[in-house]
Amino acid sequence: MRAAWIDASAGVAGDMLLAALVDAGAALNTVRAAVEAVVPGEVRLERTRVTRAGMRATRIDVTPSAHDHAHRTWRDVRRLIERAPLADPVRTSALAAFARLAVAEAHVHGTTTEEVHFHEVGAWDSIADVVGVCAALHDLAVTDLTAGPVALGFGRVATAHGELPVPAPAVAELAAEWQVFAGGEGELATPTGLALLTTLARECSPLPHLRLERTGVGAGSRDTPGRPNVTRVFLGTPVPATTVDAGGEAVVLETNIDDLDPRAWPSVLASLIEAGASDAWLTPILMKKGRPAHTLSVLCPSQGAEPLRDAVFRLTTTLGVRERPVRKTELHRGWTHVDVLGDRLPVKVGHRGGRILQATPEFAPAAELAARLGLPVHVVLAATTTAAHRAALTTGAPTPHTLTPEPA
Ligand SMILES: O=C([S-])c1cc(C(=O)S)c[n+]([C@@H]2O[C@H](COP(=O)(O)O)[C@@H](O)[C@H]2O)c1
Ligand code: NI
(Lines give C-alpha, C1' and ligand atoms only; values in the text may rest on other atoms or scores of the structure.)
(Ligands and ions follow the chains in the order given, each with its own letter.)
Protein backbone atom coordinates (compact mmCIF):
# COMPACT_ATOMS: atom_id res chain seq x y z
CA MET A 1 0.00 0.00 0.00
CA ARG A 2 1.29 3.44 -0.88
CA ALA A 3 0.05 6.68 0.68
CA ALA A 4 0.39 10.26 -0.48
CA TRP A 5 -0.28 13.51 1.36
CA ILE A 6 -0.82 16.87 -0.36
CA ASP A 7 0.60 20.02 1.21
CA ALA A 8 -1.64 22.78 -0.16
CA SER A 9 -0.59 25.30 2.47
CA ALA A 10 0.59 27.64 -0.33
CA GLY A 11 -2.41 26.82 -2.54
CA VAL A 12 -3.37 24.29 -5.20
CA ALA A 13 -4.27 24.34 -8.91
CA GLY A 14 -4.71 21.37 -11.24
CA ASP A 15 -1.38 22.00 -13.00
CA MET A 16 0.48 22.47 -9.68
CA LEU A 17 -0.78 19.16 -8.34
CA LEU A 18 0.06 17.41 -11.60
CA ALA A 19 3.57 18.90 -11.53
CA ALA A 20 4.08 17.82 -7.90
CA LEU A 21 3.10 14.22 -8.78
CA VAL A 22 5.42 14.18 -11.80
CA ASP A 23 8.17 15.66 -9.61
CA ALA A 24 7.53 12.81 -7.13
CA GLY A 25 8.12 10.26 -9.86
CA ALA A 26 4.95 9.79 -11.94
CA ALA A 27 5.93 9.01 -15.54
CA LEU A 28 5.16 12.01 -17.74
CA ASN A 29 4.71 9.78 -20.80
CA THR A 30 2.02 7.77 -18.99
CA VAL A 31 0.27 11.02 -18.03
CA ARG A 32 0.55 12.29 -21.64
CA ALA A 33 -0.94 9.02 -22.98
CA ALA A 34 -3.97 9.30 -20.66
CA VAL A 35 -4.61 12.92 -21.64
CA GLU A 36 -4.14 12.07 -25.33
CA ALA A 37 -6.76 9.31 -24.94
CA VAL A 38 -9.37 11.88 -23.82
CA VAL A 39 -8.53 14.90 -26.00
CA PRO A 40 -6.44 13.47 -28.90
CA GLY A 41 -4.10 15.98 -30.53
CA GLU A 42 -5.51 18.89 -28.50
CA VAL A 43 -2.83 19.62 -25.86
CA ARG A 44 0.91 19.37 -25.31
CA LEU A 45 2.34 18.69 -21.85
CA GLU A 46 5.87 19.97 -21.27
CA ARG A 47 7.95 19.64 -18.14
CA THR A 48 10.39 22.35 -17.06
CA ARG A 49 12.52 22.92 -13.99
CA VAL A 50 11.83 26.28 -12.38
CA THR A 51 12.37 28.05 -9.05
CA ARG A 52 9.63 29.64 -6.96
CA ALA A 53 10.88 32.12 -4.35
CA GLY A 54 14.25 30.37 -4.59
CA MET A 55 12.85 26.82 -4.23
CA ARG A 56 13.38 24.20 -6.93
CA ALA A 57 10.12 22.96 -8.46
CA THR A 58 8.70 21.19 -11.49
CA ARG A 59 6.35 23.07 -13.77
CA ILE A 60 4.00 21.35 -16.24
CA ASP A 61 2.89 23.61 -19.07
CA VAL A 62 -0.34 22.46 -20.71
CA THR A 63 -0.54 24.14 -24.11
CA PRO A 64 -3.70 23.79 -26.21
CA SER A 65 -2.85 23.29 -29.91
CA ALA A 66 -5.52 25.86 -30.91
CA HIS A 67 -6.79 28.79 -28.85
CA ASP A 68 -9.59 27.16 -26.86
CA HIS A 69 -12.58 29.38 -26.07
CA ALA A 70 -15.11 26.54 -25.99
CA HIS A 71 -17.91 26.55 -23.39
CA ARG A 72 -18.36 22.88 -22.66
CA THR A 73 -21.12 21.38 -20.61
CA TRP A 74 -20.55 18.68 -18.03
CA ARG A 75 -22.30 16.32 -20.46
CA ASP A 76 -19.62 17.09 -23.14
CA VAL A 77 -16.75 16.53 -20.73
CA ARG A 78 -18.31 13.37 -19.29
CA ARG A 79 -18.74 11.90 -22.80
CA LEU A 80 -15.08 12.60 -23.65
CA ILE A 81 -13.85 10.84 -20.50
CA GLU A 82 -16.32 7.94 -20.73
CA ARG A 83 -15.35 7.13 -24.31
CA ALA A 84 -11.60 7.33 -23.79
CA PRO A 85 -9.51 4.14 -23.47
CA LEU A 86 -8.37 4.79 -19.88
CA ALA A 87 -7.57 2.45 -17.00
CA ASP A 88 -10.76 2.04 -14.96
CA PRO A 89 -9.48 3.74 -11.77
CA VAL A 90 -8.25 6.73 -13.84
CA ARG A 91 -11.62 7.11 -15.57
CA THR A 92 -13.58 6.72 -12.30
CA SER A 93 -11.47 9.31 -10.45
CA ALA A 94 -11.52 11.79 -13.35
CA LEU A 95 -15.30 11.51 -13.69
CA ALA A 96 -15.73 11.93 -9.91
CA ALA A 97 -13.55 15.08 -9.81
CA PHE A 98 -15.32 16.67 -12.80
CA ALA A 99 -18.75 15.70 -11.42
CA ARG A 100 -17.90 17.52 -8.18
CA LEU A 101 -16.77 20.53 -10.20
CA ALA A 102 -20.06 20.39 -12.15
CA VAL A 103 -22.17 20.29 -8.98
CA ALA A 104 -20.26 23.26 -7.53
CA GLU A 105 -20.49 25.30 -10.76
CA ALA A 106 -24.20 24.49 -11.15
CA HIS A 107 -24.89 25.65 -7.61
CA VAL A 108 -22.91 28.86 -8.06
CA HIS A 109 -24.53 29.71 -11.42
CA GLY A 110 -28.02 28.68 -10.29
CA THR A 111 -28.45 25.99 -12.93
CA THR A 112 -28.58 22.20 -13.16
CA THR A 113 -25.56 19.94 -13.27
CA GLU A 114 -26.50 18.68 -16.76
CA GLU A 115 -26.91 22.18 -18.17
CA VAL A 116 -23.98 23.94 -16.48
CA HIS A 117 -21.52 25.53 -18.91
CA PHE A 118 -17.88 25.44 -17.94
CA HIS A 119 -15.79 28.33 -19.22
CA GLU A 120 -12.15 28.09 -18.17
CA VAL A 121 -12.70 24.96 -16.10
CA GLY A 122 -14.00 23.00 -19.10
CA ALA A 123 -11.16 24.03 -21.35
CA TRP A 124 -8.64 21.48 -22.68
CA ASP A 125 -6.07 22.44 -20.06
CA SER A 126 -8.44 21.69 -17.16
CA ILE A 127 -9.40 18.37 -18.72
CA ALA A 128 -5.67 17.64 -19.06
CA ASP A 129 -5.08 18.60 -15.40
CA VAL A 130 -7.88 16.37 -14.12
CA VAL A 131 -7.07 13.33 -16.28
CA GLY A 132 -3.33 13.90 -15.80
CA VAL A 133 -3.55 13.99 -11.97
CA CYS A 134 -5.70 10.82 -11.91
CA ALA A 135 -3.28 9.05 -14.27
CA ALA A 136 -0.26 10.19 -12.20
CA LEU A 137 -1.78 8.88 -8.96
CA HIS A 138 -2.53 5.58 -10.69
CA ASP A 139 1.01 5.41 -12.07
CA LEU A 140 2.46 6.02 -8.60
CA ALA A 141 0.16 3.25 -7.24
CA VAL A 142 -1.23 5.58 -4.56
CA THR A 143 -4.00 3.81 -2.69
CA ASP A 144 -4.52 6.29 0.16
CA LEU A 145 -4.53 10.03 -0.45
CA THR A 146 -4.96 12.67 2.25
CA ALA A 147 -4.34 16.43 2.25
CA GLY A 148 -3.75 19.23 4.71
CA PRO A 149 -5.60 22.56 5.06
CA VAL A 150 -5.70 24.62 1.85
CA ALA A 151 -4.66 28.27 1.36
CA LEU A 152 -7.34 29.93 -0.77
CA GLY A 153 -5.91 33.48 -1.02
CA PHE A 154 -7.72 36.82 -0.98
CA GLY A 155 -8.29 39.78 -3.30
CA ARG A 156 -9.81 39.68 -6.78
CA VAL A 157 -9.16 37.65 -9.95
CA ALA A 158 -9.96 38.28 -13.63
CA THR A 159 -11.92 35.36 -15.16
CA ALA A 160 -14.26 34.63 -18.09
CA HIS A 161 -17.08 35.66 -15.69
CA GLY A 162 -15.42 39.06 -15.19
CA GLU A 163 -13.57 40.10 -12.05
CA LEU A 164 -14.39 37.72 -9.20
CA PRO A 165 -13.68 37.97 -5.48
CA VAL A 166 -11.13 35.47 -4.14
CA PRO A 167 -11.91 32.77 -3.12
CA ALA A 168 -13.85 32.55 -6.41
CA PRO A 169 -17.45 31.36 -5.93
CA ALA A 170 -16.77 27.85 -7.27
CA VAL A 171 -13.75 27.54 -4.96
CA ALA A 172 -15.82 28.62 -1.96
CA GLU A 173 -18.40 25.98 -2.87
CA LEU A 174 -15.80 23.22 -3.33
CA ALA A 175 -14.08 24.10 -0.05
CA ALA A 176 -17.14 23.22 2.07
CA GLU A 177 -16.16 20.96 5.02
CA TRP A 178 -12.41 21.27 4.24
CA GLN A 179 -10.01 23.21 6.48
CA VAL A 180 -9.05 26.42 4.72
CA PHE A 181 -7.33 29.74 5.38
CA ALA A 182 -6.38 32.81 3.31
CA GLY A 183 -2.59 32.36 3.28
CA GLY A 184 -1.70 35.29 0.99
CA GLU A 185 -2.93 37.64 -1.70
CA GLY A 186 -4.24 36.41 -5.07
CA GLU A 187 -6.05 33.27 -6.21
CA LEU A 188 -4.05 30.54 -4.43
CA ALA A 189 -6.54 27.71 -5.04
CA THR A 190 -8.44 27.26 -8.31
CA PRO A 191 -11.68 25.33 -8.88
CA THR A 192 -9.91 22.50 -10.72
CA GLY A 193 -7.21 22.15 -8.05
CA LEU A 194 -9.72 22.12 -5.22
CA ALA A 195 -12.11 19.74 -7.02
CA LEU A 196 -9.25 17.26 -7.48
CA LEU A 197 -8.02 17.58 -3.91
CA THR A 198 -11.40 17.36 -2.19
CA THR A 199 -12.62 14.50 -4.41
CA LEU A 200 -9.55 12.30 -4.36
CA ALA A 201 -8.25 12.91 -0.82
CA ARG A 202 -9.95 10.77 1.82
CA GLU A 203 -9.73 13.41 4.56
CA CYS A 204 -8.18 16.68 5.64
CA SER A 205 -5.45 15.72 8.11
CA PRO A 206 -1.93 16.60 9.19
CA LEU A 207 0.92 14.71 7.49
CA PRO A 208 0.20 11.04 8.34
CA HIS A 209 2.73 8.65 9.85
CA LEU A 210 4.71 7.52 6.77
CA ARG A 211 7.98 5.92 5.91
CA LEU A 212 8.75 8.71 3.45
CA GLU A 213 9.98 7.66 0.01
CA ARG A 214 9.89 10.87 -2.03
CA THR A 215 8.51 14.39 -2.09
CA GLY A 216 7.40 16.29 -5.17
CA VAL A 217 7.23 20.06 -5.62
CA GLY A 218 4.86 21.46 -8.27
CA ALA A 219 5.11 25.11 -9.33
CA GLY A 220 2.25 27.50 -10.04
CA SER A 221 2.51 29.94 -12.95
CA ARG A 222 3.38 33.00 -10.85
CA ASP A 223 6.61 33.46 -8.90
CA THR A 224 5.75 35.47 -5.79
CA PRO A 225 8.81 36.79 -3.92
CA GLY A 226 8.99 35.56 -0.33
CA ARG A 227 6.28 32.89 -0.73
CA PRO A 228 7.05 29.79 -2.83
CA ASN A 229 3.99 29.34 -5.07
CA VAL A 230 4.06 25.53 -4.93
CA THR A 231 1.96 22.50 -4.09
CA ARG A 232 3.91 19.63 -2.53
CA VAL A 233 3.27 15.90 -2.40
CA PHE A 234 4.71 13.49 0.21
CA LEU A 235 4.83 9.88 -0.92
CA GLY A 236 5.49 6.88 1.32
CA THR A 237 4.45 3.65 2.99
CA PRO A 238 1.97 4.00 5.86
CA VAL A 239 3.43 3.00 9.23
CA PRO A 240 1.08 0.41 10.84
CA ALA A 241 -1.04 1.80 13.64
CA THR A 242 0.41 -0.62 16.22
CA THR A 243 3.84 1.00 15.90
CA VAL A 244 2.36 4.45 16.55
CA ASP A 245 1.37 5.35 20.10
CA ALA A 246 -2.32 5.12 20.88
CA GLY A 247 -3.98 7.87 22.91
CA GLY A 248 -5.20 11.26 21.88
CA GLU A 249 -6.85 14.42 23.11
CA ALA A 250 -8.44 14.07 26.54
CA VAL A 251 -9.69 16.34 29.32
CA VAL A 252 -9.54 16.15 33.10
CA LEU A 253 -12.69 17.43 34.84
CA GLU A 254 -12.07 18.51 38.43
CA THR A 255 -14.00 19.80 41.37
CA ASN A 256 -13.32 20.27 45.13
CA ILE A 257 -16.08 18.88 47.38
CA ASP A 258 -16.42 19.14 51.17
CA ASP A 259 -20.10 18.34 51.71
CA LEU A 260 -20.81 14.95 50.10
CA ASP A 261 -21.55 12.05 52.47
CA PRO A 262 -18.21 10.16 52.29
CA ARG A 263 -20.06 6.82 52.03
CA ALA A 264 -21.30 7.91 48.56
CA TRP A 265 -17.83 8.24 46.99
CA PRO A 266 -17.21 4.59 45.93
CA SER A 267 -20.51 4.50 44.03
CA VAL A 268 -19.82 7.94 42.47
CA LEU A 269 -16.45 6.74 41.13
CA ALA A 270 -18.00 3.51 39.84
CA SER A 271 -20.83 5.43 38.11
CA LEU A 272 -18.36 7.80 36.43
CA ILE A 273 -16.39 4.85 35.00
CA GLU A 274 -19.70 3.32 33.92
CA ALA A 275 -20.59 6.65 32.18
CA GLY A 276 -17.43 6.51 30.03
CA ALA A 277 -14.59 8.00 32.12
CA SER A 278 -11.17 6.50 31.36
CA ASP A 279 -10.42 6.97 35.08
CA ALA A 280 -11.91 8.71 38.11
CA TRP A 281 -10.12 9.31 41.44
CA LEU A 282 -10.15 11.29 44.69
CA THR A 283 -7.35 13.30 46.29
CA PRO A 284 -7.74 14.32 49.95
CA ILE A 285 -7.32 18.09 50.41
CA LEU A 286 -7.73 20.71 53.08
CA MET A 287 -10.08 23.41 51.83
CA LYS A 288 -10.89 26.95 52.90
CA LYS A 289 -11.88 27.36 56.53
CA GLY A 290 -9.75 24.29 57.34
CA ARG A 291 -12.36 21.84 56.01
CA PRO A 292 -11.20 18.33 55.07
CA ALA A 293 -12.43 17.64 51.54
CA HIS A 294 -11.67 15.82 48.27
CA THR A 295 -10.72 16.81 44.75
CA LEU A 296 -12.66 14.63 42.33
CA SER A 297 -10.73 14.12 39.05
CA VAL A 298 -12.32 12.54 35.98
CA LEU A 299 -10.25 11.68 32.90
CA CYS A 300 -12.24 11.34 29.67
CA PRO A 301 -11.82 11.69 25.89
CA SER A 302 -12.40 15.32 24.72
CA GLN A 303 -15.26 14.18 22.48
CA GLY A 304 -17.02 12.30 25.30
CA ALA A 305 -16.75 14.92 28.07
CA GLU A 306 -20.33 16.24 28.10
CA PRO A 307 -22.07 13.15 29.62
CA LEU A 308 -19.39 13.13 32.32
CA ARG A 309 -19.82 16.84 33.17
CA ASP A 310 -23.48 16.03 33.51
CA ALA A 311 -22.77 12.96 35.67
CA VAL A 312 -20.50 14.96 38.04
CA PHE A 313 -23.28 17.51 38.60
CA ARG A 314 -25.89 14.78 39.03
CA LEU A 315 -23.93 12.48 41.33
CA THR A 316 -22.20 15.00 43.62
CA THR A 317 -23.04 18.20 45.51
CA THR A 318 -20.75 20.43 43.42
CA LEU A 319 -21.84 23.75 41.90
CA GLY A 320 -19.01 23.96 39.36
CA VAL A 321 -16.53 21.87 37.37
CA ARG A 322 -13.19 23.07 35.99
CA GLU A 323 -11.37 21.27 33.22
CA ARG A 324 -8.03 21.18 31.46
CA PRO A 325 -7.03 19.53 28.18
CA VAL A 326 -4.41 16.79 28.40
CA ARG A 327 -2.70 14.66 25.80
CA LYS A 328 -2.67 10.93 26.47
CA THR A 329 -0.05 8.48 25.28
CA GLU A 330 -1.18 4.90 25.69
CA LEU A 331 0.41 1.57 25.08
CA HIS A 332 -1.40 -0.64 22.58
CA ARG A 333 -3.13 -3.38 24.51
CA GLY A 334 -4.09 -6.97 23.94
CA TRP A 335 -4.66 -10.22 25.81
CA THR A 336 -2.67 -13.38 26.07
CA HIS A 337 -2.82 -16.48 28.33
CA VAL A 338 0.09 -17.95 30.27
CA ASP A 339 0.52 -21.37 31.88
CA VAL A 340 1.15 -20.93 35.61
CA LEU A 341 0.90 -23.20 38.69
CA GLY A 342 -0.99 -25.84 36.71
CA ASP A 343 -3.59 -23.44 35.29
CA ARG A 344 -3.89 -21.03 32.33
CA LEU A 345 -4.47 -17.38 33.32
CA PRO A 346 -5.39 -14.31 31.23
CA VAL A 347 -2.84 -11.48 31.13
CA LYS A 348 -3.34 -7.96 29.80
CA VAL A 349 -0.32 -6.93 27.73
CA GLY A 350 0.84 -3.41 26.80
CA HIS A 351 3.15 -2.98 23.81
CA ARG A 352 4.85 -0.12 22.00
CA GLY A 353 6.88 -0.11 18.78
CA GLY A 354 6.60 -3.91 18.57
CA ARG A 355 7.99 -4.49 22.10
CA ILE A 356 5.99 -5.84 25.04
CA LEU A 357 6.48 -3.52 28.01
CA GLN A 358 3.75 -4.42 30.51
CA ALA A 359 2.05 -7.66 31.51
CA THR A 360 -0.74 -7.45 34.10
CA PRO A 361 -2.56 -10.62 35.19
CA GLU A 362 -6.34 -10.30 35.44
CA PHE A 363 -7.06 -10.16 39.17
CA ALA A 364 -10.23 -12.28 39.56
CA PRO A 365 -8.93 -15.52 37.91
CA ALA A 366 -5.63 -15.13 39.81
CA ALA A 367 -7.54 -14.73 43.11
CA GLU A 368 -9.63 -17.80 42.31
CA LEU A 369 -6.52 -19.90 41.62
CA ALA A 370 -4.90 -18.59 44.82
CA ALA A 371 -7.95 -19.67 46.83
CA ARG A 372 -7.94 -23.11 45.17
CA LEU A 373 -4.24 -23.64 45.92
CA GLY A 374 -4.37 -22.05 49.37
CA LEU A 375 -1.75 -19.47 48.36
CA PRO A 376 -1.68 -15.71 49.00
CA VAL A 377 -3.05 -13.91 45.91
CA HIS A 378 0.08 -11.75 45.58
CA VAL A 379 2.16 -14.91 45.08
CA VAL A 380 -0.08 -16.08 42.19
CA LEU A 381 -0.04 -12.57 40.67
CA ALA A 382 3.78 -12.42 40.85
CA ALA A 383 4.15 -15.92 39.36
CA THR A 384 1.77 -15.03 36.50
CA THR A 385 3.55 -11.74 35.75
CA THR A 386 6.93 -13.49 35.73
CA ALA A 387 5.59 -16.22 33.42
CA ALA A 388 4.17 -13.60 31.03
CA HIS A 389 7.43 -11.62 30.88
CA ARG A 390 9.44 -14.81 30.45
CA ALA A 391 7.16 -15.82 27.54
CA ALA A 392 7.57 -12.34 25.99
CA LEU A 393 11.36 -12.68 26.16
CA THR A 394 11.25 -16.16 24.63
CA THR A 395 11.28 -15.98 20.85
CA GLY A 396 7.87 -15.92 19.30
CA ALA A 397 5.44 -15.82 22.23
CA PRO A 398 3.69 -13.64 22.98
CA THR A 399 4.36 -10.88 20.42
CA PRO A 400 2.01 -7.99 19.62
CA HIS A 401 0.86 -10.07 16.65
CA THR A 402 -0.13 -13.11 18.72
CA LEU A 403 -2.26 -11.06 21.17
CA THR A 404 -6.03 -10.98 21.14
CA PRO A 405 -7.02 -7.33 20.58
CA GLU A 406 -8.75 -5.53 23.43
CA PRO A 407 -12.46 -4.96 22.71
CA ALA A 408 -13.09 -1.35 21.48
O1 LIG B 1 -15.03 28.33 -15.87
C2 LIG B 1 -15.71 28.69 -14.97
S3 LIG B 1 -17.38 28.38 -14.99
C4 LIG B 1 -15.16 29.37 -13.80
C5 LIG B 1 -15.96 29.58 -12.70
C6 LIG B 1 -15.41 30.21 -11.61
C7 LIG B 1 -16.25 30.41 -10.44
O8 LIG B 1 -15.74 30.59 -9.36
S9 LIG B 1 -17.87 30.32 -10.67
C10 LIG B 1 -14.08 30.64 -11.63
N11 LIG B 1 -13.33 30.44 -12.74
C12 LIG B 1 -11.92 30.91 -12.79
O13 LIG B 1 -11.30 30.36 -13.92
C14 LIG B 1 -9.96 29.97 -13.64
C15 LIG B 1 -9.89 28.47 -13.81
O16 LIG B 1 -8.83 27.86 -13.12
P17 LIG B 1 -8.66 26.27 -13.09
O18 LIG B 1 -7.31 25.97 -12.47
O19 LIG B 1 -9.76 25.69 -12.25
O20 LIG B 1 -8.75 25.77 -14.50
C21 LIG B 1 -9.70 30.41 -12.23
O22 LIG B 1 -9.10 31.65 -12.24
C23 LIG B 1 -11.11 30.46 -11.64
O24 LIG B 1 -11.27 31.32 -10.57
C25 LIG B 1 -13.83 29.82 -13.82
NI1 NI C 1 -18.06 29.43 -13.01
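When a ligand or atom number is given, it counts from 1 through the structure's own listing order. These numbers come from the heavy atoms of this one structure, side chains and all, not from hydrogens, waters or symmetry mates.
- With no hydrogens or angles considered, no side-chain donor-acceptor pair links Thr63 and Asp61 at under 3.5 Å.
- Residue contact check for ligand 1: Pro169 places a non-hydrogen atom closer than 4.0 Å to it.
- In terms of polar-atom proximity, defined here as any N/O pair under 3.5 Å, Ala170 does make such a contact with ligand 1.
- Between Asp15 and Ile60 the shortest heavy-atom distance is CB-O, 4.1 Å.
- In this structure, the side chains of Ser221 and Arg59 come closer than 4.5 Å at one or more pairs of heavy atoms.
- A donor and an acceptor atom, one from each side chain of Glu114 and Thr73, are nowhere located under 3.5 Å apart.
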Item to complete: Take Val77 and Ile81, measure what side-chain contact (heavy atoms from CB on, under 4.5 Å) needs, and give me the verdict at the end.
Response: CA-CA 6 Å; Val77 176; Ile81 300 174; 4.0 Å; yes

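- Residue-level proximity to ligand 1 for Thr192 is carried by backbone and side chain together, each with a heavy atom below 4.0 angstrom.
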Mind listing the side-chain donor-acceptor pairs of residues 143-167 below 3.5 Å, one per line with the distance, residues two or more places apart or on another chain?
| from | atom 1 | to | atom 2 | distance (Å) |
| --- | --- | --- | --- | --- |
| Thr143 | OG1 | Arg2 | N | 3.3 |
| Thr143 | OG1 | Arg2 | O | 3.2 |
| Asp144 | OD1 | Arg202 | NE | 2.6 |
| Asp144 | OD1 | Arg202 | NH2 | 3.3 |
| Asp144 | OD2 | Arg202 | NH2 | 3.0 |
| Arg156 | NE | Glu163 | OE1 | 2.6 |
| Thr159 | OG1 | His161 | N | 2.9 |
| Thr159 | OG1 | Gly162 | O | 2.9 |
| His161 | NE2 | His109 | NE2 | 3.2 |

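- Within Glu105, the N, O or S atom lying nearest to the Ni ion (ligand 2) carries the name OE1.
- When each atom of ligand 1 is checked for a heavy atom of Thr159 under 4.0 Å away, the hits are 12 (C), 24 (O).
- Near Val108, the atoms of ligand 1 lying under 4.0 angstrom from a non-hydrogen atom of the residue are 9 (S).
- For the pair NE2 of His161 and NE2 of His109, the angle at the Ni ion (ligand 2) is about 90°; rounding is to 10 degrees.
- Not one N or O of Glu105 is nearer than 3.5 Å to an N or O of ligand 1, by distance alone.
- Neither side chain, Thr192 nor Asp129, offers a donor N or O lying under 3.5 Å from an acceptor on the other.
- Of all the atoms in ligand 1, the ones that sit under 4.0 Å from a non-hydrogen atom of His109 are 3 (S), 9 (S).
- Comparing His161, His107, Glu187 against atom 2 (C) of ligand 1, the shortest heavy-atom distance belongs to His161.
- Near Ser126, the atoms of ligand 1 lying under 4.0 angstrom from a non-hydrogen atom of the residue are 20 (O).
- The aromatic rings of Phe98 and Phe118 sit tilted, their planes meeting at an angle between 30° and 60°.
- At a heavy-atom cutoff of 4.0 Å, ligand 1 is contacted by both the backbone and the side chain of Pro191.
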